[in-house]
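Quick notes on the structure that follows.
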Amino acid sequence: MQFSYSWLKTQANPNLSADELSHLLTMSGLEVEESEPAAPAFSGVVVAEVKSVEKHPDADRLNVTQVDAGTGELVQIVCGAPNVRPGIKVPCSLPGAVLPGNFKIKPTKMRGVVSNGMLCSAKELGLPDDGVDGLHILPGDAPVGGNIRDYLDLDDTLFTLKITPNRADCLSIKGIAREVAALTGCEFASTKIQAAPIVSGKTQPVRIDAPADCGRFISRVIENVNAQAATPAWMRQRLERSGIRSISALVDIGNYVMLEIGQPMHVFDADKISGSIIVRRAENGEVLACLNEKTVTLADNTLVIADEKGALSIAGMMGGAASAVSDGTCNIVLEAAWFAPAVIAGKSRQYGFGSDSSFRFERGVDYRLQADAIERATELVLQICGGQAGEMVEAVGDLLPEKRVGVRLNRVAKVLGVDIAADQVETILRTLGLQPEKTADGFQTTSPGFRFDIEIEADLIEEIGRVYGYENIPDEATSGSLKMLPLPETRRPRFAVYNEMAARGYREVVSYAFVDEAWECDFAANDNSIRLQNPLAAQYAVMRSTLIGGLVEVLQNNLNRKQNRVRIFEIARVFAKNADGGFAQNERIGGLWYGAAMPEQWGEKTRNADFYDIKADVENLLKGRAVEFVKTAHPALHPGRAAKIVSDGQAIGFVGELHPKWLQKYDLPQAPLVFEIDMAAVCRREKTRYQAVSKFQSVRRDLAFVLPENVSYAELEGSLKAVNSPLVREIALFDVYRGAGLPENSKSMAVKIILQDMENTLTDEAVEPVVQQLVAAAEAVGAQLRG
């Protein structure tokens, strides 16, 4: 919302500087995004009247003018503007004036003729020129000799507010003035609206066929208007300083009323309407040519304003070209309505365009403003364009009920941490338009139509604190001590996971939960993704079910910036459909390692990281838990270099090398290594168990087995651990051999077995039976003890 300070002062003048007002509004929750002067700095420019114009004797494109600049005598100025003529009033910079850019005006000669100043265009003063080629022509009532900055109010300040969605009441001068009055205690003097004299007997019938979508619709016919009348300079200036371009008097009046009191309006050409105006849902496939020169095919979830022949406009959003006013318009219909915010919300994205009206309607407009808006617009139309007004015609649908909300003074003190007097609380509530009534323990309020967000006691306490001033609440009143609850021994702190990944050389990244549908197909083989109804962009059409796509995208960005060693991780939610039609939102940790295993250095030969490097990181992440890595197939991973991570018999994630076909598709020079694990499993750990250390010597036995090539070490290890002897303390692989002396398609694996007893020194008689059990167990998976 952009507005000018001078316009605000007509309804609430806080006597604050622009900087002070900016700070006040920001601290009260209406963030001032930007404030800037209405015009750049310049001085010495006055209003002058051109008295005579003669051709320059030695230049075809120059004129010699005599102007009255209020100095008591005519001033000769040479001017090259094509629109200079006797009788006009224009800005004039006399000698000594300084224009924008520190351009100083001095007497000079132009082709031998003395020029004692300069007649100025809007561009030369840093003002909007509206496409005019030449001098900035002022209205005829401009005072000759008057300071141009005072006359055009150029010392004004333009504010741009960042309005939150719940504060639609501050999308108008009236709303902001009400807010400023409440914050400063200055008088709130909203525009006085007078009922128009009824001269015409012509009315426009209206009917609401969608009462749940349209609570009120008011029309008024004004006959014999002059559609070619010029918009007054004061109105055009206020519109321009609010960021709205002047179009024509009738259109400008509708926009002006919207900015002034907050009610969007529309003006129809009455002679282009057939029969009654009907507020209804669009018929599926109905076509409308809009004012923005776009033709849209309407869906049946869209509310339209129609006549007996068809749709005239998209309700609350955009008028139709067929019923628009033009220079030839003679009779008009003013329209003001209240639409339920839910029926307008989302339509801008649905049709690919929006408007200032839809921006307000989808946030909520006061459902009691419509008659005032019609009367104010009628007043301006009769003043500027003339005409004869008819009676208002009103149709009513389902309106919102009044909301009664109470607030307790002791609750205000408890929540805000400061005692505020009852009289001050009452004043705050009253100036906000909440109509407070005293009760035994506080106040009962009636939420006004312009405050959709006042629903519970906490909302009122927030308003009281906001207007009282957050800066006035002592810091110590909001401080307190917190008792830290003990973390269960079986749960790992989340920050420990972050610290662990950082210690291993990984950097955290954050990516969108919305992803390209191709990522889901490639990295998760998911052709039934959760699709967004209104995606931010085409490439963010579905919700992710894996973190791999986001990590690969970050890798691509780093490779494009010549980073050849990348280690990144992300902790975030992934989304999947449940069998019952709901959605699961599980949190996972994903990691990616690309490039060399070690940073480039002289002390170690450079090699690329492999599966076992990232497997070590995963094992470190899951330390303290018994996990297995089982060979698996995964759509994102290399067929022979992928494993699922199993703990307590449940798959909790996967790890491996990216599939070769994705290297080509995503233009990766070499394969990155990736993992993804359920975050709940990472944060769950075994309870610490303590046992005595044996004081007896351990015994080591090395066993070499010949196995078929397709038998993995995990299978061999699993068979050995199945023996479950209390003497076996450790089983570890220390050698793998392939080559001469072994049968074809075989390999040799040598494992060490550490045995130890808690009560006695082990003897061969105790050890050998256990070793034989281990050999027998290995034979169950096809292993043979190597001679």
Side-chain angles (χ1 to χ4, degrees), residues 1-22 24-26 30-42 45 47 91 100 120-132 136-139 141-142 146-163 169-180 189-191 230-265 355-357 359-360 376-377 380 383-384:
M1 171 66 187
Q2 183 176 315
F3 68 95
S4 77
Y5 198 2
S6 63
W7 191 4
L8 175 69
K9 287 178 180 178
T10 63
Q11 297 194 26
N13 188 356
N15 290 320
L16 299 175
S17 69
D19 287 343
E20 290 171 335
L21 179 63
S22 179
L24 178 68
L25 291 175
T26 299
L30 301 180
E31 181 184 349
V32 178
E33 199 168 25
E34 185 179 8
S35 64
E36 58 181 358
F42 62 83
V45 182
V47 177
C120 301
S121 66
K123 185 176 182 180
E124 288 164 337
L125 299 179
L127 306 178
D129 59 9
D130 297 325
V132 175
H136 182 49
I137 299 177
L138 304 172
D141 61 356
N147 188 313
I148 198 70
R149 296 194 71 90
D150 296 337
Y151 177 68
L152 295 179
D153 193 20
L154 298 183
D155 293 322
D156 193 8
T157 301
L158 309 184
F159 293 94
T160 301
L161 299 185
K162 191 175 183 179
I163 302 293
D169 59 303
C170 291
L171 291 172
S172 66
I173 293 296
K174 180 180 179 180
I176 298 170
R178 183 194 300 114
E179 191 76 9
V180 169
S190 61
T191 304
T231 302
W234 61 268
M235 179 181 289
R236 191 168 60 249
Q237 182 187 80
R238 288 180 173 179
L239 290 174
E240 289 171 349
R241 292 185 182 180
S242 300
I244 293 181
R245 180 173 57 90
S246 175
I247 298 173
S248 68
L250 293 174
V251 175
D252 290 349
I253 288 169
N255 287 332
Y256 183 83
V257 172
M258 175 184 71
L259 291 173
E260 185 178 53
I261 67 174
Q263 171 65 50
M265 299 188 65
S355 65
D356 292 312
S357 295
F359 187 81
R360 287 163 171 79
R376 178 60 170 151
L380 293 171
Q383 175 186 330
I384 298 168

**Message:** For Gly175, is there any backbone N or O sitting under 3.5 Å from a side-chain donor or acceptor partner on Asp169?
**Reply:** no
Here the gap from Ser246 atom OG to Leu239 atom CG, rounded to the nearest 0.5 Å, amounts to 6.5 Å
Here the pair of heavy atoms bringing Leu127 nearest to Ala39 is CD2-CB, 3.6 Å
Heavy atoms of Leu259 and Met1 approach each other most closely as CD2-CE, 4.4 Å
Pairwise side-chain contact, Leu138 with Ile148, heavy-atom cut-off 4.5 Å (strictly under): yes
Identify all side-chain donor-acceptor contacts of residues 150-163 below 3.5 Å with residues at least two apart in sequence or on another chain.
unit_1, atom_1, unit_2, atom_2, d
Tyr151, OH, Asp141, OD1, 3.2
Asp153, OD2, Ser6, OG, 2.8
Asp155, OD1, Arg149, NE, 2.9
Asp155, OD1, Arg149, NH2, 3.1
Asp156, OD1, Tyr5, N, 3.1
Asp156, OD1, Ser6, N, 2.9
Asp156, OD2, Ser4, OG, 3.2
Asp156, OD2, Ser6, OG, 2.9
Asp156, OD2, Arg241, NH1, 3.1

Taking every heavy atom of Pro40 against every heavy atom of Pro100, the minimum-distance pair comes out as CG-CG, 3.8 Å
All heavy atoms of Thr231 vs all of Ser248, minimum pair found to be OG1-C, 3.6 Å
Original post:
Are Met258 and Arg360 side-chain neighbours, meaning at least one heavy-atom pair lies under 4.5 Å?
Top reply: yes
Verdict with supporting geometry, Glu260 and Thr191, side chain to side chain donor-acceptor pair (under 3.5 Å)
CA-CA 8 Å; Glu260 185 178 53; Thr191 304; 3.1 Å; yes
Minimal heavy-atom distance between Ala122 and Pro128, with the atoms involved, is CB-O, 3.5 Å
For Leu21 and Pro14 the tightest heavy-atom approach is CD1-CG, 4.4 Å
Query - Donor-acceptor pair, side chain of Glu20 and main chain of Ser17, under 3.5 angstrom - result: yes
- Item | Backbone N/O of Leu8 and side chain of Gln11: donor-acceptor pair under 3.5 Å | no
Worksheet entry | Working for side chain to side chain contact (heavy atoms under 4.5 Å, CB included), residues Asp252 and Arg236 | CA-CA 8 Å; Asp252 290 349; Arg236 191 168 60 249; 5.6 Å; no
Exercise for review: Measure from the side-chain N and O atoms of Thr26 to the backbone N and O of Ser22, and report whether any donor-acceptor pair falls under 3.5 Å.
Suggested key: yes
Here the gap from Ile176 atom CD1 to Leu25 atom CG, rounded to the nearest 0.5 Å, amounts to 7.5 Å
d(His136 NE2, Leu125 CG) to nearest 0.5 Å is 7.5 Å
One should read off an interatomic distance between Gln263 CD and Leu171 CG, to the nearest 0.5 angstrom, of 12.5 Å
Q: Go through the steps for Arg376 and Leu380 under the test side chain to side chain contact (heavy atoms under 4.5 Å, CB included), then give the verdict.
A: CA-CA 6 Å; Arg376 178 60 170 151; Leu380 293 171; 3.9 Å; yes
query = How about Thr10 and Arg238: do any of their side-chain heavy atoms sit closer than 4.5 Å?
reply = yes
**Study point:** Ion pair check, Arg245 and Glu240, cut-off under 4.0 Å
**Key:** no
